[in-house]
Amino acid sequence: MCDEITEKDNAEFLAQRLNRRNFTGLGTIAAFTSILPASACGTGEMDASGLASSSGAAAAAFRVVESEVDVPMGGGVSDSYFVHPAQGAHAAVLMWPDIKGLRPAFKAMGKRMAEAGYAVLVVNPFYRDAKHPVAVPGASMADPDTRTFLRGMARKLTQDASMSDARDYITFLDAQESVDKSRKIGTAGYCMGGPLIIRTAAAVPDRVAAAASFHGGGMVRDSEDSPHLLIPTSKASVLHA
């Protein structure tokens, strides 16, 4: 889903070459830079030219610390990835992977965001069933067995379960010294993570100020627990890309 594109983007990003592809690849950073209010992230607004001129500098500005963490959850323990600048306290971001789960591609995206000045928790949404990575390298949703396996775990992320998870992840973030609790939190979700950012913003509306969905699916359903029905309970600024 994201792996090959992410690896290519990371190589170009580190070489500080900015073209249409890797500018788009900065989407998550751009989302939080532009929609988190100044009181939340300390940056205020930045237009596209400002982002372009600062992206290489931001990557070099923060040395980061990476760690595998066990997050206490109501439904068990979530083996997740936490990365943050080595010094200081920073605005936090909760990142939800796509259906193939937490893996090197998403760790790379989390690390890139941390290098821009955020404390980032990239979670294993399937902790109830398996430790990450849940999908072998090269696994394809075109394969029926892979599709059945992953969708079976994804179906357990009901509205109640995912909102409970969001609260537990944010409780973990707020307990970290590298997280500035005076600043609001952002959340990003990819594909199946789209509904999860809506549920996160609704679960902890006083903490989540920015939410970004990238190619999110399942946002509107013909059911009482359709994610879009939670929008009025959220205070966050939201980007759907």
Side-chain angles (χ1 to χ4, degrees), residues 1-14 21-22 24-29 31-32 59 64-71 73 75-84 92-116 118-157 161-162 165-166 168-169 172-173 186-197 199-200 211-218 241:
M1 289 198 178
C2 301
D3 304 67
E4 292 182 2
I5 294 174
T6 299
E7 291 173 2
K8 178 176 179 290
D9 285 353
N10 286 342
E12 293 177 348
F13 181 81
L14 293 174
R21 157 53 67 186
N22 59 28
T24 303
L26 294 172
T28 308
I29 297 173
F32 293 115
V64 300
V65 175
E66 307 170 74
S67 58
E68 301 285 335
V69 294
D70 289 329
V71 182
M73 310 293 289
V77 176
S78 176
D79 54 309
S80 301
Y81 170 75
F82 186 46
V83 57
H84 57 86
V93 175
L94 171 57
M95 184 179 290
W96 297 96
D98 60 26
I99 199 168
K100 287 171 66 178
L102 176 55
R103 57 194 190 278
F106 276 90
K107 291 180 179 181
M109 287 191 282
K111 183 176 181 180
R112 179 187 294 181
M113 185 176 288
E115 290 171 339
Y118 295 90
V120 185
L121 181 66
V122 190
V123 304
N124 173 13
F126 303 133
Y127 71 89
R128 292 174 177 84
D129 293 283
K131 291 186 177 296
H132 76 273
V134 298
V136 299
S140 171
M141 289 296 286
D143 173 62
D145 291 338
T146 298
R147 188 166 59 247
T148 298
F149 171 64
L150 294 176
R151 286 180 175 173
M153 293 189 293
R155 278 194 290 270
K156 296 181 182 180
L157 287 170
S162 56
D165 286 351
D168 289 338
Y169 287 130
F172 171 86
L173 282 168
T187 183
Y190 297 77
C191 201
M192 78 160 195
L196 299 178
I197 64 109
R199 291 167 173 166
T200 298
S213 165
F214 299 92
H215 56 90

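The salt bridge (charged side-chain N to carboxylate O under 4.0 Å, His left out) search around Lys156 returns Asp129, not counting sequence neighbours. In this structure Val77 satisfies the side chain to side chain contact (heavy atoms under 4.5 Å, CB included) test together with Asp70, sequence neighbours excluded. Here Thr148 pairs with nothing under the side chain to side chain contact (heavy atoms under 4.5 Å, CB included) rule; sequence neighbours left out. For Asp79, there are no salt bridge (charged side-chain N to carboxylate O under 4.0 Å, His left out) partners two or more places apart in sequence or in a different chain. Under the rule for a side chain to side chain contact (heavy atoms under 4.5 Å, CB included), the partners of Arg151 that lie at least two apart in sequence or sit in another chain are Ile99, Met141, Arg147, Arg155. Under the rule for a side chain to side chain contact (heavy atoms under 4.5 Å, CB included), the partners of Ser213 that lie at least two apart in sequence or sit in another chain are Ile197, Met219, His240.
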Using side-chain contact (heavy atoms from CB on, under 4.5 Å), reason through His84 and Val93 one step at a time and then give a plain yes or no.
CA-CA 10 Å; His84 57 86; Val93 175; over 6 Å; no
If you apply the rule side-chain contact (heavy atoms from CB on, under 4.5 Å), what do you find for Tyr127 with Asn124, and how did you get there?
CA-CA 6 Å; Tyr127 71 89; Asn124 173 13; 4.0 Å; yes
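One N or O on the side chain of Lys100 and one on the backbone of Ala139 form a donor-acceptor pair closer than 3.5 Å. In this structure a side-chain-to-backbone donor-acceptor pair under 3.5 Å is present from Arg103 to Gly101. With hydrogens and angles ignored, the 3.5 Å screen pairs no side-chain donor or acceptor of Thr200 with any backbone N or O of Ala166. The closest donor-acceptor contact from the side chain of Ser78 to the backbone of Ser80 lies at 3.5 Å or more, if one exists at all.
Heavy-atom minimum distance, Val120 versus Phe82: O-CD1, 3.2 Å. Minimum heavy-atom separation, Tyr169 to Met73: CZ-CE, 3.5 Å. Considering every non-hydrogen atom in both Trp96 and Val123, the closest pair reads CE3-CG2, 3.7 Å. Nearest heavy atoms, Leu102 versus Lys107: CD1-CG, 4.0 Å. Phe172 and Val71 make their closest contact through CB-CG1, 3.7 Å (heavy atoms, listed as atom of the first residue, atom of the second, distance). Val122 and Pro97 make their closest contact through CG1-CG, 4.3 Å (heavy atoms, listed as atom of the first residue, atom of the second, distance).
Between Val136 and Thr146 there is no side-chain heavy-atom pair separated by less than 4.5 Å.
Between Met95 and the options Tyr118, Phe106, Tyr81, a side-chain contact (heavy atoms from CB on, under 4.5 Å) holds for only Phe106.
Rounding to the nearest 0.5 Å gives a distance of 8.0 Å between CG of Leu157 and CZ of Arg199.
The pair Glu68-Lys131 does not meet the salt-bridge criterion, since no charged nitrogen lies less than 4.0 angstrom from a carboxylate oxygen.
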